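Input: a single structure, listed below in structure tokens.
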Amino acid sequence: MDQFGEDLVAALRDVVEAANWQCVGPTTRFSSPCTKLFSEDGDHMVLIHQDGLYRAMDASCPHEGGPLELGDIEDLGDGKLVLVCPWHHFDFCVETGVSSTGLQNNVYDVRVVRGDVFVNTPNALSLAPFPVTSATCTGGVSSDVHTASSAEDSLCFWAAKILSTPDPMEKVDLTFKVQERWDSAPGAMEVGRTAPPQQPSRKEDLTVLQPGKIKRGKGGTQASRVALLHSLANIEQWAIDLSWDVIARFSAFRLQNGEPLPRQFFTDFVKVAGDEAKHYQLLEKRITELGSFFGALPVHNGLWQSATDTADDLLARLAIVHMVHEARGLDVHPQTLSRFAAQSDRASVEVLEVIYRDEITHVAAGLTWFTYICAQEGRDCLSTFHGLVKKHFKGYLKPPFNTEGRKTAGMTEEWYIPLVKPSSQQEKQPGKPSVLPNCSDASAL
């Protein structure tokens, strides 16, 4: 009788276990090494596919919640595969969930039956986020501007994550991974809505001073060149954040006709974010080669003031950050480049040339979307731009201007010469006629 009872319990256990197998789709859907599976209970998983084998574990790193679905799979050499968290490089055995750091991640049985992948869990799984009711939305997000997204895998979710990541190299690495996912499967990731932080996170050991107190150097000595590169790296770190902020902060933007921004807007600024991450990486590497490191010198957060001032106005953000500040970066490039070239610092010159070419496209992106919005809303591009710069930018624009670089970006002189101090304007452009841009061209986007 006892044996019968034990057999019955075992049989019932098998029935319950069988009921817990969730089909997540055919194996043809899972060509990527890591795929996020959304769980109905909110404890999402990552499905790992390597050499025909499938494993699953919790998608959130037990250390600090890093996105394991963005991690890398590494072979330790003895056939043991580990999934490495992209945030702090904690490794987790794909079979046991054990980390060499002593942490333990939850793992789940996976089977392939007749070409379909099954994961053993009592909770429903999906490749797309489950709808979230208003009762479960948290985070203090304004319901009329930045309603909390139902997706914890949306572009804006990751934008907010990157903005909240203090370590610059982790910020760079995460930017590259999100950009790759966004570009490799167009339409697979939704834009979403997630409120960005008021200010991006920074490492606690950075010394932050007022912008006017930063010594940038003239480039005549190695120490001076390091100071210049360090200042540029700080700017690029803020530029990464500004790119992600414009994505998250204005995800709910609507034109006057009620239409949202085209998906291409977000694609363009994902590219800008990726470029800025590349720039920081190049500068940080060059600073290290010169015997220093980022954080060795004081930094400032002056650029973020522009983001704060334009937090409620997309046109103002595009005008000030991309068409004023980034265009100013084009202006100072020739002099900065000559300082490094004069010291035969070819390695730094090559880095600066990469940055310059990319920054031209960033000014062009700002100009493109500024004119697009103006055209859609029946605004005059030039007068709108001039009015916004006078409102949000202190003082006049100052020559010399890199006319050729600005022109390559599409910013001809009628955009900025009227914003120069009158005496300087007369000296620079006596009798120069104005040519109005054709705003309607942008409406073809």
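Atom set for the values below is all heavy atoms of this structure, side chains included, hydrogens, waters and symmetry mates excluded. In this text the structure is predicted, and so the values were computed from the model without any measurement.
Look at Glu95 and Arg55 and you find a salt bridge, because one of the NZ, NE, NH1 or NH2 atoms lies within 4.0 Å of a carboxylate O, short of that distance. By the 4.0 Å N-to-carboxylate-O rule, Lys171 lies too far from Asp167 to be salt-bridged with it. Looking at Lys177 and Asp72, a side-chain N of the basic residue comes within less than 4.0 Å of a carboxylate O on the acidic one, giving a salt bridge. Between Lys278 and Asp358, at least one side-chain N (NZ, or NE/NH1/NH2) sits under 4.0 Å from a carboxylate O, which counts as a salt bridge.
Taking the ring axis of Trp369 as reference, the NZ or CZ atom of Arg317 does not stay both within 45° of it and closer than 6.0 Å to the ring centre.
A heavy-atom distance below 4.5 Å is found between the side chains of Leu232 and Leu352. No side-chain heavy atom of Leu37 sits under 4.5 Å from any side-chain heavy atom of Val46.
No more than 12 heavy atoms of other residues, nucleotides or ligands lie within 6.0 Å of CD in Glu180, so this atom counts as exposed by the packing criterion.
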Scan the side chains in residues 327-337 for donor-acceptor partners under 3.5 Å anywhere in the protein, sequence neighbours excluded, and list what turns up.
from: Arg328; atom 1: NH1; to: Asp331; atom 2: OD2; distance (Å): 3.4
from: Arg328; atom 1: NH1; to: Lys398; atom 2: O; distance (Å): 3.0
from: Arg328; atom 1: NH1; to: Pro400; atom 2: O; distance (Å): 3.2
from: Asp331; atom 1: OD1; to: Asn402; atom 2: N; distance (Å): 2.8
from: Asp331; atom 1: OD1; to: Arg406; atom 2: NE; distance (Å): 2.9
from: Asp331; atom 1: OD2; to: Arg406; atom 2: NE; distance (Å): 3.4
from: Asp331; atom 1: OD2; to: Arg406; atom 2: NH2; distance (Å): 2.7
from: Thr336; atom 1: OG1; to: Val332; atom 2: O; distance (Å): 2.9

*asked:* One pair to check against salt bridge (Lys or Arg N to Asp or Glu O under 4.0 Å): Lys394 and Asp309. What are the steps and the verdict?
replied: CA-CA 12 Å; Lys394 296 179 180 179; Asp309 293 344; over 6 Å; no

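Phe30 and His49 have their aromatic ring centers separated by at least 6.0 angstrom. A ring-centre distance under 6.0 Å is not found for Phe269 and His362.
For Asp245 and Trp304, the side-chain atoms include no donor-acceptor pair closer than 3.5 Å. No side-chain N or O of Thr384 forms a donor-acceptor pair with one of Arg379 less than 3.5 Å apart. A donor and an acceptor atom, one from each side chain of Asp41 and Ser39, are located under 3.5 Å apart. Remark: the Trp244 side chain and the Thr175 side chain contain an N/O donor-acceptor pair separated by less than 3.5 Å.
Tested against Arg202 for a side chain to side chain contact (heavy atoms under 4.5 Å, CB included), the candidates Asp241, Val208, Thr165 yield a single pass: Asp241.
Atom CH2 in Trp182 sits 12.0 Å away from atom CD in Gln179 (nearest 0.5 Å). The distance from the CD atom of Gln237 to the CE atom of Met169 is 10.5 Å, given to the nearest 0.5 Å. Once rounded to the nearest 0.5 Å, the distance linking CD1 of Ile320 with NE2 of His392 reads 6.5 Å.
Note on ring orientation: taking the six-membered ring where Trp is involved, the planes of Phe250 and Phe253 are perpendicular (angle over 60°, cut-offs 30° and 60°). The aromatic rings of Trp415 and Phe385 lie perpendicular to each other, with more than 60° between the two planes, well past the 30° mark.
One N or O on the side chain of Asp91 and one on the backbone of Ser100 form a donor-acceptor pair closer than 3.5 Å.
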